[in-house]
Number of protein chains: 2
Amino acid sequence: MDHNLENIVNHRISTLAVLMKRQVFNIIARKELKITPDQWVVLYFLWQENGLSIGELAKRAKKDFANVTRIVEKLVKMDYVTKKKSEKDSRVCNVFLQPKVEAIKNDIQNCWKEASDVALKGVTQSEQKQLTDILIKIENNILLDLE
Amino acid sequence: MDHNLENIVNHRISTLAVLMKRQVFNIIARKELKITPDQWVVLYFLWQENGLSIGELAKRAKKDFANVTRIVEKLVKMDYVTKKKSEKDSRVCNVFLQPKVEAIKNDIQNCWKEASDVALKGVTQSEQKQLTDILIKIENNILLDLE
DNA sequence: AAACATTATTTGTCACGACAAATAAAAAAT
DNA sequence: ATTTTTTATTTGTCGTGACAAATAATGTTT
C-alpha cells in the first residue's frame, strides 16, 4: 500500500474540493454577492422544479436533511424563497422561489462559469470527458457503498 | 454556457468530496476510531516531520492557520501530540507526536486503504493515472488563481 | 531606542458537514 | 379504533471550512 497521502485519491479530491470552495468564495466576495455556493445549489434545484420539498431537495443535492432545513431557513430570511406546508401531507414542507431571486440568477451563473474557467484552463475537451467519466465511476462506487 | 450543475466540474468534485468524507466517517464509526480525517492529515505531516510548527502544518495541509490551531488543540486534548513554544522564536509553536499515536497509526492507514479501495473499484491503473494528472492540473490552476 | 510593520498564532463568528434525538403527521398493524 | 411503525422535518452538538480582528513576538526604520 502507498502511504503517501498525495497519492490517495480520496485525499486529493477532498483537498481539491476545499481549494475550489475557497476560490468560489473569493469570486463571491469580489462580486459582493450575499449568498453561498450551497445556497445556490438549493436554488438551482428549485429553478429546475419550483416547490420541491425539503426532503426532495436534500436527496437531489445529496445533502443532509437537517442541513437543508437550515440552508432553506437562511434563504427564507433573505427573502429568496418561502416555505409552505403541503396540503396533502402536512409533514411535508414545500419551498417556493420568490421573485427576488431573479435578480441574482445571472450573477450566480457567472460565478459558476468563472470558477469553471479557472479550474479547466488548459484542460482539453477530451481530458474533461475522461475526468467526468472517472469521477462518475467513483461517485457510483461510493453511493453504492453508502447503500 | 452549460447551466446543468451536474456538468460543472467544480460542483461534481465538491459533491464527490462530500460523499467521500461521508464514507470515511462510516468507516471510522465502524472501527470506533475516535479521530477525524482532518486530524489524521495533521498527524500524517507530523509523521513525515515531527515538530512542525502550526504554520508549516497549515501550509502543507493547505488549511487555514486558525483551523489548524483548533485541530491541534483537539489532538493535544486526546494526548496524541504536544505543543511547545520554539526557543528561537517564541511566536512559533512546534507540535510533537506523543507515543500514544503509534497505537492508532495502523488503524488510520487501514481506513485510508479501505476508503480508497471502495472509491477505485473498477477504475483501471491507467484511468487512475489520467485522473491524477488532470486533478493536479486543476489543482495548479486554482492554486495559481489564489496567488 | 521608540515607532511601525511583519509574522505566527489565537479567538470569534458564521456556514455547513455529520449524526442523534425530538416532533409531528401519516400509514400500517393489531 | 388504538397502537406501532414509518416518514418528513427540526433541533442540538460537534468538527472544520472561511474570514476578520486580536495578541504577541520579531524585524525594520528612523
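So you know, we letter chains A, B, ... as the sequences are listed, proteins then strands, and number each from 1.
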Novice: Could you check whether atom NZ of B:Lys121 has more than 12 heavy atoms from other residues, nucleotides or ligands sitting under 6.0 Å from it?
Specialist: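 No, NZ of B:Lys121 has 12 or fewer neighbouring heavy atoms, counting only those of other groups under 6.0 Å.
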Novice: Going 5' to 3' on DNA chain D, which nucleotide is the first and which the last to come under 4.0 Å of a heavy atom in chain B?
Specialist: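 Reading along DNA chain D, I get D:dG15 to D:dT26.
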Novice: Can you list the residues that meet the side chain to side chain contact (heavy atoms under 4.5 Å, CB included) rule with B:Asp38, with sequence neighbours excluded?
Specialist: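 Only B:Lys21, B:Thr36, B:Lys63, B:Ile71 meet the side chain to side chain contact (heavy atoms under 4.5 Å, CB included) criterion with B:Asp38.
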Novice: Strictly by ring pair (Phe, Tyr, Trp, His ring centres under 6.0 Å), give each pair with a member in residues 44-82 of chain A just once, sequence neighbours left out.
Specialist: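 Every ring pair (Phe, Tyr, Trp, His ring centres under 6.0 Å) pair that includes a residue of residues 44-82 of chain A, provided the two are not neighbours, is A:Tyr44-A:Trp112.
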Novice: With a 4.0 Å cut-off on heavy atoms, is A:Ser90 in touch with a base, just the backbone sugar-phosphate, or nothing at all?
Specialist: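 Sugar-phosphate contact only.
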Novice: Give a yes or no on this: more than 12 heavy atoms of other residues, nucleotides or ligands lie within 6.0 Å of atom CD of B:Glu102.
Specialist: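 It does: B:Glu102 CD has more than 12 such atoms within range.
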Novice: Please check if the number of heavy atoms outside B:Glu87 that lie under 6.0 Å from its CD is greater than 12.
Specialist: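 For B:Glu87, atom CD is not crowded (no more than 12 foreign heavy atoms under 6.0 Å).
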Novice: For B:Lys59, which contact category applies under a 4.0 Å heavy-atom criterion: base, sugar-phosphate, or nothing?
Specialist: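 No contact.
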Novice: Rounded to whole Å, please give me the gap between CZ in A:Arg91 and P in C:dA28.
Specialist: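 Taking atom P of C:dA28 as the reference, CZ of A:Arg91 is at 10 Å.
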Novice: Please say whether more than 12 non-hydrogen atoms of neighbouring residues, nucleotides or ligands are located less than 6.0 Å from CD in B:Glu6.
Specialist: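 Buried by this count: over 12 neighbours within 6.0 Å.
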Novice: Would one find more than 12 heavy atoms of other residues, nucleotides or ligands at under 6.0 Å from atom NZ of B:Lys84?
Specialist: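 Check fails, neighbour count at 12 or below.
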Novice: Quick one: are A:Ile138 and B:Leu131 in side-chain contact, heavy atoms under 4.5 Å?
Specialist: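 Result yes, sub-4.5 Å side-chain heavy-atom pair found.
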Novice: Protein-nucleotides 1-5 of chain C N/O pairs closer than 3.5 Å?
Specialist:
none

Novice: So if I define the base as every atom that isn't primed, P, OP1 or OP2, how would nucleotides 12-19 of chain C read as a B/S/- string at a heavy-atom cutoff under 4.0 Å?
Specialist: BB-SSBBB
Novice: Return the minimal non-hydrogen interatomic distance between A:Thr132 and B:Arg12, and the atom names on each side.
Specialist: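 Distance-wise, the nearest heavy atoms are CG2-NE, 3.9 Å.
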Novice: List the atom pairs, with distances to 0.1 Å, where a side-chain N or O of residues 23-33 of chain A and a protein N or O form a donor-acceptor pair under 3.5 Å, not counting sequence neighbours.
Specialist:
residue	atom	partner	partner atom	Å
A:Arg30	NH2	A:Glu114	OE1	2.8
A:Lys31	NZ	A:Glu114	OE2	3.1

Novice: Using a 4.0 Å heavy-atom cut-off across all strands, classify B:Gln23 as base, sugar-phosphate, or nothing.
Specialist: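 B:Gln23: no heavy atom of the nucleic acid under 4.0 Å.
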